[in-house]
Undergrad: 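I'd like to ask you about the structure that follows.
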Amino acid sequence: MGEEEDSVTVDQNSCDGADSSPLPPAPHLSSKVLTLPTVLTLGRVAAVPILVATFYVDCWWGRTATTSLFIAAAITDWLDGYLARKMRLGSAFGAFLDPVADKLMVAATLILLCTKPMDAVVVLGPIPWLVTVPSIAIIGREITMSAVREWAASQNGKLSKAVAVNSLGKWKTATQMIALTILLASRDSSFERLLPSGIGLLYVSAGLSIWSLVVYMRQIMRVLLKK
């Protein structure tokens with residue numbers, strides 16, 4: 001989630017081989033707007049305000065509901081991409097909506113966690129900026145990459161390929177989802193011992209976010225310098 005490396009790239013990935021010979025067949029796009037993958041994506045968007053509401057319910061069921069909603073969102077993020085590929089239900093609307101849903105869910109979760117600073121390591125006491133710093137890095141990276149991809153799409157095919165999905169982005173997304181799940185779960189006293197590992201993974205995710213941004217920018221510069 002939060003990374004366009006998932007189901008949103010169904011249509012894009014099918015076009016990445018445009019320079020190969022012979023040319024691959026055109027990707028199949030569903031003419032329907034509300035396909036099953038798109039409905040799942042819409043469900044993630046609708047879950048964001050519910051996630052916010054349950055986060056501020058200060059009891060065990062509120063914390064459980066928040067964590068469960070986030071886990072369900074992460075699963076449907078993978079599932080809608082899988083269904084779009086297997087059932088050939090990719091659509092332009094779904095490709096647009098998927099990264100929007102991901103970024104809304106991730107950004108909302110990060111901001112929520114920042115509003116309630118947690119003690120990462122008991123001996124150090126409360127450190128208010130501990131979650132804020134990686135959150136700024138992650139959200140800033142997502143905003144930057146969205147702008148860069150939109151610009152690249154308006155230029156030429158080579159630039160679009162320069163910002164196409166790579167494995168680094170997928171690792172970033174995986175660590176990000178695991179970290180946020182742990183941080184949400186550790187708000188419950190039964191799982192608070194997992195908090196340091198969640199903080200650590202969030203910093204790993206932030207590092208991978210910045211690293212992947214640098215990689216994309218270097219690839220863009222190579223393309224531009226060849227012109």
Side-chain angles (χ1 to χ4, degrees), residues 1-18 24 27 37-38 40-41 43-45 47 70-91 94-110 134-150 152-153 157-184 197-220 222-223:
M1 194 186 303
E3 177 62 38
E4 49 286 321
E5 284 81 354
D6 296 320
S7 60
V8 64
T9 57
V10 171
D11 299 334
Q12 183 185 30
N13 288 345
S14 62
C15 297
D16 284 346
T38 304
L40 291 174
T41 304
R44 294 207 306 280
V45 175
F70 188 84
I71 293 173
I75 292 173
T76 58
D77 183 32
W78 167 82
L79 183 61
D80 62 19
Y82 175 79
L83 293 176
R85 289 187 296 271
K86 298 295 285 187
M87 300 173 65
R88 304 183 70 190
L89 291 175
S91 66
F96 154 77
L97 188 63
D98 186 80
V100 173
D102 296 344
K103 288 173 176 58
L104 280 174
M105 181 63 70
V106 169
T109 303
L110 287 169
S135 296
I136 291 173
I138 292 171
I139 295 175
R141 184 267 187 193
E142 296 301 334
I143 293 173
T144 303
M145 279 308 303
S146 294
V148 168
R149 279 197 164 95
E150 184 175 351
K158 290 184 178 180
L159 278 175
S160 294
K161 290 180 180 179
V163 293
V165 177
N166 60 35
S167 58
L168 183 59
K170 292 183 178 181
W171 276 106
K172 183 270 297 181
T173 300
T175 56
Q176 183 175 283
M177 293 301 101
I178 296 172
L180 292 178
T181 299
I182 292 175
L183 290 176
L184 288 174
S197 62
I199 294 290
L201 280 174
L202 189 64
Y203 272 84
V204 170
S205 176
L208 290 174
S209 295
I210 301 302
W211 184 12
S212 65
L213 179 62
V214 171
V215 169
Y216 285 129
M217 291 304 182
R218 289 178 62 185
Q219 291 174 172
I220 288 174
R222 289 195 191 101
V223 173

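If you read the sequence from its start, that first residue is 1, and numbering goes on from there.
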Undergrad: Roughly how far apart are Thr41 OG1 and Asp77 CG, rounded to 0.5 Å?
TA: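 Going from OG1 on Thr41 over to CG on Asp77, the span is 7.5 Å.
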Undergrad: Which distance, rounded to the nearest 0.5 Å, do you find between the CG of Leu180 and the CG of Leu202?
TA: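 Here the rounded value is 6.0 Å.
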Undergrad: If you look at every heavy atom in Ile138 and Ser209, which pair is closest and at what distance?
TA: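 Heavy-atom minimum between the residues: CG1-OG, 3.9 Å.
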Undergrad: Side-chain contact, heavy-atom cut-off 4.5 Å: Val223 with Gln219?
TA: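 Answer no - side chains too far apart.
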Undergrad: Report the distance from atom CG of Leu183 to atom CZ of Phe70, rounding to the nearest 0.5 Å.
TA: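 Nearest 0.5 Å value for the CG-CZ distance: 9.5 Å.
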Undergrad: Taking side chain as C-beta onward, heavy atoms only, is Tyr216 less than 4.5 Å from Val148?
TA: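 Answer no - side chains too far apart.
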Undergrad: On a heavy-atom basis, which atom in Gly198 and which in Ala179 lie closest, and how many Å separate them?
TA: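 The answer is O-CB, 3.7 Å.
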Undergrad: Nearest 0.5 Å, please: how far is CG in Asp102 from CD in Gln176?
TA: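 Going from the CD atom of Gln176 to the CG atom of Asp102 covers 9.5 Å.
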Undergrad: Return yes if some donor-acceptor pair links the side-chain N/O of Ser205 with the main-chain N/O of Leu201 below 3.5 Å, else return no.
TA: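 Absent.
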Undergrad: So which of Leu208, Leu213, Ile136 actually passes side-chain contact (heavy atoms from CB on, under 4.5 Å) with Arg141?
TA: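 Of the listed options, the one satisfying the test is Leu213.
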Undergrad: Going from CD1 on Ile75 to CG on Leu40, what distance comes out if it is rounded to the nearest 0.5 angstrom?
TA: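 Atom-to-atom, Ile75:CD1 and Leu40:CG are 11.5 Å apart.
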Undergrad: Rounded to the nearest 0.5 Å, how far apart are NZ of Lys103 and CG of Leu110?
TA: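 It comes to 12.5 Å.
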Undergrad: Looking at side-chain heavy atoms only, is the closest gap between Val106 and Met177 below 4.5 Å?
TA: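 Yes, their side chains come closer than 4.5 Å.
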Undergrad: If you compare all heavy atoms of Ser212 against all heavy atoms of Leu168, which two are closest, and at what distance to 0.1 Å?
TA: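 Shortest heavy-atom contact: CA-CD2, 3.4 Å.
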